[in-house]
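Let me begin by presenting the structure, written as structure tokens, before commenting on it.
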Amino acid sequence: MITTGQQIIRQWYRERNWQQFPFQQEMEEAYLGGFSGLLNAPTGSGKTFALFLPFLADFINKNPESWTAQKNNGLMMLWITPLRALTNDIKKAMQEVCDEIGLPWKIMTRTGDTPAAEKQALKKNLPEVLLTTPESLHLMLAQKEYPKLFQNLQVVVIDEWHELLGTKRGVQVELGLSKLKVLSRKSEVGSLRPGNKDLELKTRNSRLHIWGISATIGNLEQASEVLLGNDFPPDQTRMVRAFVDKKLVIKSVIPENIENYSWAGHIGVKLLPQVIEIVAKSKTTLIFTNTRSQAEIWYHAILDNYPEYAGIMAMHHGSLDNELRNWVEQALHAEALKVVVCTSSLDLGVDFRPVDTVVQVGSPKGVARFMQRAGRSGHHPGAISRAYFVPTHSLELLEGAALKEGIKKGIYESRDPMLLTMDVLIQYMVTLAVSDGFRADELFKEVKTTYAFADLARNEFNELLDFVTHGGSVLAQYDEFLKVEIENGLYKVNNRRVAMRHRLSIGTITSDISIRVKWLSGKSLGTIEESFISKLKPGDNFWFAGQSLEFIKIKEMSAYVRKSNKKKGLIPSWMGGRMPLSSQLAAVFRDKLDEVAQGIANDEEVVALQPLFDLQSKLSHLPQSHEFLIESYKSREGHHLIFYPFEGRLVHEGMASLLAYRISKIKNASFSIAMNDYGFELLTDEDIPIEEALEDASFFSIDNLLDDILHSLNANEMARRRFRDIAHIGGLVFTGYPGQPVKNKHLQASTSLLFDVFSEYEPNNLLVRQAYNEALAFQLEEFRLRMALQRIIKQSIILKQIDQPTPFAFPIMIDSLGRERLTTETMEERIARMVRPYKLDEFDQAEDNKVIKKETGGRKGL
């Protein structure tokens, strides 16, 4: 039987000449049936309407006679997104639906960009639908009498859940949902009269609905479990999948002369002419880069070489001023732009219908990420998504072939959830204490319902309670760490200064201190990290926001600039390294390489790369899937050993240090290490006894792996770096007031001192243990390292003595040239000496020189 609400929604579809997809109908049935769960739908398939419209239908069904006059109902739907930029587009789409069906609601947003006056108004009168972020949800929980805000709440939607899963922001969402579920149960039980025969049925149907929206990832079932928590009845959950026939056309941009294309690099501007040909043939193109610096470089290159695009080209990344980003988004909607150079800031669900083409510069290092970006084109039902892959060096073309194969076979990365993040839990405890307070036993039960803290022991919880009230066993003498007081069993923050500082610090996103870049008139361009600005002198020129700028002065945490006519200048760099190859893409890459070695691959990328593979085979060997290649090479720099696991740079960093340590047990040596996504190099002044090491069965063994890792790396320093963010999130340090941030060097000194104090006087401190665990899990990917060693130990070892760097070795050795050493050669001369044996007609030394300037520090001492 079709309800009144369903009839109205279907009439709305007909008036737009749209037809509901089967997954939208299934989603409607699941929602109206009282279920919660996960909606898996690709970008541009109509997933926002799939969840919002059933919510409206449910409201109409409950108010069939008066729904057009229903105003001021309080907050009923909370829609949480990972990016503030998403809220504007979703708000517009939702408001249009309400207006067109005659529902007198106003959709509103509450994010960091919301004006203060609007935030104050929201405290007094909440709309029926509020779009917000994880951080803003926790700020709402930090308000006095916050339960009143959510007393009419019916559904919480977590948009782009796959982006939050596996991050501390995702843990924030889990904790927030655990509180909202408790508030919902209290509200509903209080509103139902005892003895009612329908009590059980009403309680089931009135349970707070929780729905996540996720793109395709490798662990969707687990993603749903994490979202809903451990206390959600399995018979009330559903997984709705959108089997939409989304047409995706992917092509690689292949260099005209592959023999002369760069063997190393990550910029890719040599292929700019071919990219501009694609742009010229398209209506609107998004050019995705992997870093903000790369976006600035590409924008600058297009403007220099194709000035006719001035005025119809823009740039979009997270460090640009919000007003500028909004202008770019509106111009995209209005079809006023031909091309936008962007980063992950435009990855997610903003709907830009004019965009018909996406260009990805450099490997996205993951199948799911590439699918997400490709879906930005043809971002509406029935349209074709067109994506072009631009390699930044030759071997990256094989990653392009692997990406296409991964998408064809439906191989997507998993997002592993974070567990026992004590810093996030400490912050959450203080958040609740700042508002109405909490009782320990009740909070422990709530927290245990989350996936992240299901294994939290009571003694660990008690240790955190002691920490927020008494500073633990180490910091008890310092008043600034005694934040929470206990009054008749209620944990509360009574100090207004503590409460204010905590509200300013809510969140789990950490970064270097940012300096706002302003014109002399005071208008803002965006933010650049303090570490870059601190190196500039008045009069220095740099490029930012697509403009050539002259640095004038710093005043009150703002860098003042004026426009410059100089063509050259520094490009800002932001904290954060290059993304490593995902385990799934690495596996497909190895499969592709195996096909090449067997001579059965026929991809266009492989055909183009055949001269490179022929040279690799001639100089060394092309490894098949059952083989593990090691190259040994002597040069005037020393003895080089190059290993090729093809597992990603983070795994290679850990494996390089581990194997260097195991070799050093045979013969004392000092090693330098360089790595990329394909392999790693060990370099020492003396001969390396690799044959003797390979004869030892324990060389690639996982026995005593953890001990050997801790001995081979400066684990203490790695944990210290992780502790900086943990201390920030856990409230051990205060980063400053708006416009008055604490200097980065002072924050580092404070967190380093705290780490040393805990390590010496409280070595089992939960936050210190977390720092070590995070270093192993995220910096070294210890689990992947273990799996890679287990794979290698079953393979046949191929040890090749080579006379010159091979095509596989060359990019790794380029990474290594940034190390400190005494030399009278310029970088160009050293590269030229390395490539001289190949007798190539032409080599793009300038491109490699750009790369090296960007990648100094690729080699590290051990």
Side-chain angles (χ1 to χ4, degrees), residues 134-135 137-139 141-142 164-176 178-179 416-434 438 443-444 446-448 450-457 459-475 480-484 491 493 498 501-511 718-735 742 747-748 750-759 762-779:
E135 294 76 20
L137 169 60
H138 279 247
L139 280 167
L141 293 175
L164 293 167
L165 184 64
T167 70
K168 291 183 180 180
R169 297 182 80 206
V171 177
Q172 266 190 304
V173 171
E174 289 184 64
L175 290 169
S178 72
K179 176 58 69 178
D416 297 325
M418 297 192 78
L419 304 175
L420 298 175
T421 49
M422 303 301 184
D423 52 344
V424 183
L425 183 51
I426 286 175
Q427 185 184 105
Y428 179 61
M429 285 176 164
V430 180
T431 294
L432 296 180
V434 162
F438 65 87
L443 182 59
F444 180 67
E446 290 175 23
V447 167
K448 287 280 286 182
T450 65
Y451 196 97
F453 296 102
D455 295 326
L456 180 70
N459 66 303
E460 293 174 326
F461 183 76
N462 290 341
E463 190 175 326
L464 298 183
L465 286 175
D466 182 58
F467 186 79
V468 298
T469 53
H470 303 110
S473 60
V474 173
L475 303 176
E480 63 183 290
F481 299 106
L482 315 183
K483 298 181 178 180
V484 180
Y491 288 74
V493 169
V498 170
R501 286 171 60 144
H502 178 77
R503 288 191 179 101
L504 290 171
S505 303
I506 286 177
T508 60
I509 300 173
T510 57
S511 64
M718 290 170 60
R720 186 192 303 274
R721 290 199 295 268
R722 302 296 302 192
F723 187 79
R724 291 173 191 167
D725 290 347
I726 290 170
H728 175 192
I729 294 167
L732 288 171
V733 293
F734 180 57
T735 56
V742 177
L747 289 174
Q748 290 183 8
S750 298
T751 57
S752 184
L753 178 61
L754 286 168
F755 181 81
D756 289 338
V757 170
F758 283 134
S759 299
E762 194 183 348
N764 290 322
N765 179 276
L766 292 174
L767 297 181
V768 171
R769 277 166 45 192
Q770 181 184 334
Y772 278 97
N773 289 337
E774 286 188 11
L776 286 172
F778 302 112
Q779 197 162 336

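Numbers for residues simply follow the sequence, beginning at 1.
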So do the side chains of Gln172 and Leu164 get within less than 4.5 Å of each other, counting heavy atoms only? no

Can you tell me if His138 uses its side chain to pair, donor with acceptor, with the backbone of Tyr428 under 3.5 Å? no

For the atom pair CZ (Arg721) and OG1 (Thr751), what is the distance rounded to the nearest 0.5 Å? 12.0 Å

Check Val430, Leu465, Leu443 against Tyr491 for a side chain to side chain contact (heavy atoms under 4.5 Å, CB included) and give me the one that passes. Leu465

Answer yes or no: is there a side-chain heavy-atom contact under 4.5 Å between Phe461 and Met429? yes

Closest contact, heavy atoms only, Ser752 versus Arg720: OG-NH1, 2.8 Å

Apply the test side-chain contact (heavy atoms from CB on, under 4.5 Å) to residues Tyr451 and Leu165: give CA-CA distance (whole Å), side-chain angles for both, the deciding distance (0.1 Å), then the verdict. CA-CA 11 Å; Tyr451 196 97; Leu165 184 64; over 6 Å; no

Sidechain-backbone polar pair: Gln427 side chain, Gly507 backbone, donor-acceptor under 3.5 Å: yes

Carboxylate-amine/guanidinium proximity below 4.0 Å for Lys168 and Asp725: no

Can you name the closest pair of heavy atoms from Leu482 and Gly471 and give their distance? CD2-N, 3.6 Å

So, do Thr167 and Thr508 sit near enough that their side-chain heavy atoms are less than 4.5 Å apart? no

Main-chain N/O of Ala142 paired with Arg503 side-chain donor or acceptor, under 3.5 Å: yes

Indicate yes or no: at least one non-hydrogen side-chain atom of Lys483 is less than 4.5 angstrom from one of Val434. no

With a 4.5 Å heavy-atom cut-off, do Asp423 and His728 have their side chains touching? no

Provide the closest heavy-atom pair for Gly176 versus Leu137 in the form atom of the first, atom of the second, distance. CA-CD2, 4.2 Å

How far apart are the closest heavy atoms of Met418 and Ala452, and which atoms are they? O-CB, 3.6 Å

Heavy-atom pair of closest approach, residues Ala719 and Ala771: O-CB, 3.4 Å

Quick check: do Leu766 and Ile426 have side-chain heavy atoms less than 4.5 Å from each other? no

So, do Leu419 and Asp455 sit near enough that their side-chain heavy atoms are less than 4.5 Å apart? no

Working to the nearest 0.5 angstrom, can you tell me the gap between Ile729 CD1 and Gln770 CD? 8.0 Å

Taking the side chain as every heavy atom from C-beta outward, state whether Leu767 and Phe755 have any atom pair closer than 4.5 Å. no

Which distance, rounded to the nearest 0.5 Å, do you find between the NZ of Lys448 and the CG of Leu456? 6.0 Å

Using modelled atom types and a 3.5 Å cut-off, is there a donor and acceptor pairing between side-chain atoms of Glu774 and backbone atoms of Arg722? no

How long is the span from the OG atom in Ser473 to the CG atom in Asp466, to the nearest 0.5 Å? 7.5 Å

Go through the steps to decide whether Leu175 and Thr431 satisfy the test side-chain contact (heavy atoms from CB on, under 4.5 Å), and finish with yes or no. CA-CA 11 Å; Leu175 290 169; Thr431 294; over 6 Å; no

Compare every heavy atom of Phe453 with every heavy atom of Thr421, then report the nearest pair and how far apart it is. O-CZ, 3.4 Å

Could you please spell out the steps behind the side-chain contact (heavy atoms from CB on, under 4.5 Å) verdict for Phe758 and Leu475? CA-CA 9 Å; Phe758 283 134; Leu475 303 176; 3.7 Å; yes

